[in-house]
Amino acid sequence: MTTKDQKEQKLAATAAASTTTSTVTAQQPKNGGVGIMKRLRRSASATEHNLSGLRNRKSTQNLFDQHGQPIDLRQYRKVLDKDENGNGGEKKLRYRRTQSVTRAEEITTKEEKQRKAQPDKPCHRPRDSLFSWSSGFTNFTGLVNWGFLLLCIGGLRLGLENLLKYGVRINPLDWYFFLSGHNEGEGHTSLLLILYSMVHISLCLAVEKGLAMEIISEGLGMFIQITNIIVVVALPVVIIHLKGHAFSLMGATTVCFFYSVLFLKLWSYVQTNMWCRQTYYQRNPRERRPSITLAELKNGQLDGGDAHDEAIPKLVQYPDNLSYKDILYFLCAPTLCYELNFPRTMRVRKRFLLKRLMEVIVGVNMVMALFQQWIIPSVRNSLIPFSNMDVALATERLLKLALPNHLVWLCFFYLMFHSFLNAVGELLNFADRNFYCDWWNANNIDTFWRTWNMPVHRWCVRHLYIPVVQMGYSSRQASTIVFLISAFFHEYLVSVPLQTYKIWAFLGMMGQVPLSAVSKYVERRLGPRTGNIIVWASIILGQPLCIMAYYHDYVVTHFQTAFNSTMNQSS
């Protein structure tokens, strides 16, 4: 075919396409498709306005591009599908909006220049008030200083009122008698019970060595370990219930706290060694692995005679970690999660350690003084209104107790999670000092519980949440189980020392589950600042309410006669 013939064929095809286009245009008023034809003639890939129409169109008849060529939608199916999923169309829409915004800014700029050129000396321009979110203003330092000063003045007034009403109640001897259990209890029962914990520790270590040397079967070993851990948390309940008169209040509290920490640490120790044992068996099958003698286990001769670079510190391998030195270091370390090789510091910073120890000494005395001078009178004065269910007066006592209680809680947080744990970590060369995160910026309850106590949070995630999820439970169910365990220990640490078995602390912790959902909803609807206010409100008001409830129940349980006489006198 010659070039002339090809040109003639192209001209004929163009004429035919033009005739078809004219025919379709003539039929448009009948079909009502004028808008679609105009949009399709602009671009073969279509614009944002006709995407839904193209997706739902079953026929490609009478569809032409801007050059009059028929359009086959199958060629543009990828584009249409991408727009349908919100990918390509979003970029195209964003680009068009950007152009519109740019054009609007250009118009505004030109208008502003024209206004400034007027002889009336204009001084106004478009701008929002500083308290409006759209203003972009963020420097509220002066208001923060004002609020802090106002809070200090209010606290000073309350402190002065307390001094005028009750006088100076601070007496270090009273704290000495309380902490030492003077005139309370019999002998040194609490100390003996703490020393008895070495039996549980030794049993746990012996079983782990037996499992490593294959003296004990896996099933029997895990049964012994689980029973031992359950006895650890149940023993104080039984002993304090049977021999409650032999314990002082501070001694019973110390025992319960010590055994709670021991329970969490032994759980982590057993589970981590189980993970190491499973990995060790995979690398060294039982039928090919020689038996491990006690001497080899003690001397750490299981790694063989491989060359080792002296510049690189040698890591402890399983089962070389199964020793008293290793488990006692873990029990003293400021963590609840066991590892074979903890990150270590090179030296002890004496100045840093001295500062932390001074903070602990001064801070503890300040907290005890606040308790004596401020909290104890407020709690005692709340007894009768709380018992009579006088809502107005009980609310007033609650709000009066909220400030000193919150101040003591903040001091306790700093002393415990910063001063004390840093001092212990410095003494033991423990390098991981992430004991807390910025919980004060939490926008919901979940974030607060994930950031304010990192050792407990890390234990819950590693040894409870992840294993429960791996068992097939949902994340919501796993979170509920975590809150159940946490609620149990909160109740355990309060009810057992007081020998007042109520469920206020348990209900308070389980109430965090619906409160978490509420705080997240508020955060989404009203913004993160409102969610943060809910978090602070729950901390400030929840704790004094729980204290008042337990003090009332403790007095009713242990001092019923004196309480009845007091009620009769008040009435």
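Computation of the quantities below employed the complete heavy-atom set of this structure, encompassing side-chain atoms and omitting hydrogens, waters and symmetry-equivalent molecules.
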*Asks:* Please work out which of the three classes, parallel, tilted or perpendicular, describes the rings of F489 and F263, given edges at 30° and 60°.
*Replies:* tilted
*Asks:* Measure up the F483 and W449 rings against each other and bin them: parallel (under 30°), tilted (30 to 60°), perpendicular (over 60°).
*Replies:* perpendicular
*Asks:* Is the backbone N or O of F448 less than 3.5 Å from a side-chain atom of T451, with the two atoms forming a donor-acceptor pair by type?
*Replies:* yes
*Asks:* Parallel, tilted or perpendicular: which fits the ring planes of F413 and Y436, with parallel below 30° and perpendicular above 60°?
*Replies:* perpendicular
*Asks:* Applying ring pair (Phe, Tyr, Trp, His ring centres under 6.0 Å), name anything that partners W536, two or more places apart in sequence or on another chain.
*Replies:* H406, W439
*Asks:* Can you confirm whether D432 sits close enough to F342 that some side-chain heavy atom of one is under 4.5 Å from a side-chain heavy atom of the other?
*Replies:* no
*Asks:* Could you walk me through whether L315 and L340 pass side-chain contact (heavy atoms from CB on, under 4.5 Å), step by step?
*Replies:* CA-CA 8 Å; L315 297 179; L340 273 67; over 6 Å; no
*Asks:* Please say whether more than 12 non-hydrogen atoms of neighbouring residues, nucleotides or ligands are located less than 6.0 Å from CE in M358.
*Replies:* no
*Asks:* Is it true that a side-chain atom of T272 and a backbone atom of S268 form a donor plus acceptor pair closer than 3.5 Å?
*Replies:* yes
*Asks:* If you measure from the Lys or Arg side-chain nitrogens to the Asp or Glu carboxylate oxygens, is any gap between K520 and E523 under 4.0 Å?
*Replies:* no
*Asks:* Taking the side chain as every heavy atom from C-beta outward, state whether I466 and V461 have any pair of such atoms under 4.5 Å apart.
*Replies:* yes
*Asks:* Between the side chain of Y269 and the main-chain N/O of C204, is any donor-acceptor distance below 3.5 Å?
*Replies:* no
*Asks:* So, N532 side chain and A442 main chain: donor-acceptor pair closer than 3.5 Å or not?
*Replies:* yes
*Asks:* Flag yes if more than 12 heavy atoms outside W504 fall under 6.0 Å of its CH2 atom; otherwise flag no.
*Replies:* no
*Asks:* Does the side chain of Y465 reach to within under 4.5 Å of the side chain of I481, using non-hydrogen atoms?
*Replies:* no
*Asks:* Will you find, in the side chains of D326 and Y338, an N or O donor that is under 3.5 Å from an N or O acceptor?
*Replies:* yes
*Asks:* Other residues, nucleotides and ligands only: do more than 12 of their heavy atoms fall within 6.0 Å of CZ on F223?
*Replies:* no
*Asks:* Aromatic ring centroids of F417 and F435 under 6.0 Å?
*Replies:* no
*Asks:* Excluding sequence neighbours, so at least two apart, what forms side chain to side chain contact (heavy atoms under 4.5 Å, CB included) with M416?
*Replies:* F257, F412, F420
*Asks:* Please determine if R433 forms a cation-pi arrangement with F430, meaning its NZ or CZ atom is less than 6.0 Å from the six-membered ring centre and no more than 45° off the ring axis.
*Replies:* no
*Asks:* Ignoring hydrogens and angles, tell me if any N or O in the side chain of H490 forms a donor-acceptor pair with the backbone of S486 under 3.5 Å.
*Replies:* yes
*Asks:* Would L498 and L249 count as a side-chain contact (heavy atoms from CB on, under 4.5 Å) here? Give the steps.
*Replies:* CA-CA 7 Å; L498 294 177; L249 180 59; 3.7 Å; yes
*Asks:* Counting only heavy atoms not in Y521, do more than 12 fall under 6.0 Å of its OH?
*Replies:* no
*Asks:* Would you confirm whether N228, through its side chain, and H200, through its main-chain N or O, come within 3.5 Å as a donor-acceptor pair?
*Replies:* yes
*Asks:* State whether the side chain of N341 and the backbone N or O of V316 hold a donor-acceptor pair below 3.5 Å, judged by distance alone.
*Replies:* yes
*Asks:* Answer yes or no: is there a donor N or O on one side and an acceptor on the other, between the side chain of Y259 and the main chain of L193, under 3.5 Å?
*Replies:* yes
*Asks:* Taking the side chain from E491 and the backbone from A505, do they hold a donor-acceptor pair closer than 3.5 Å?
*Replies:* yes
*Asks:* Do Q225 and M274 have side chains that approach each other closer than 4.5 Å (heavy atoms only, starting at C-beta)?
*Replies:* no
*Asks:* Measure the CD-OG1 distance between Q317 and T279 for me, rounded to the nearest 0.5 Å.
*Replies:* 11.0 Å
*Asks:* Take atom CZ in F258; do more than 12 heavy atoms of anything else shown fall under 6.0 Å from it?
*Replies:* yes
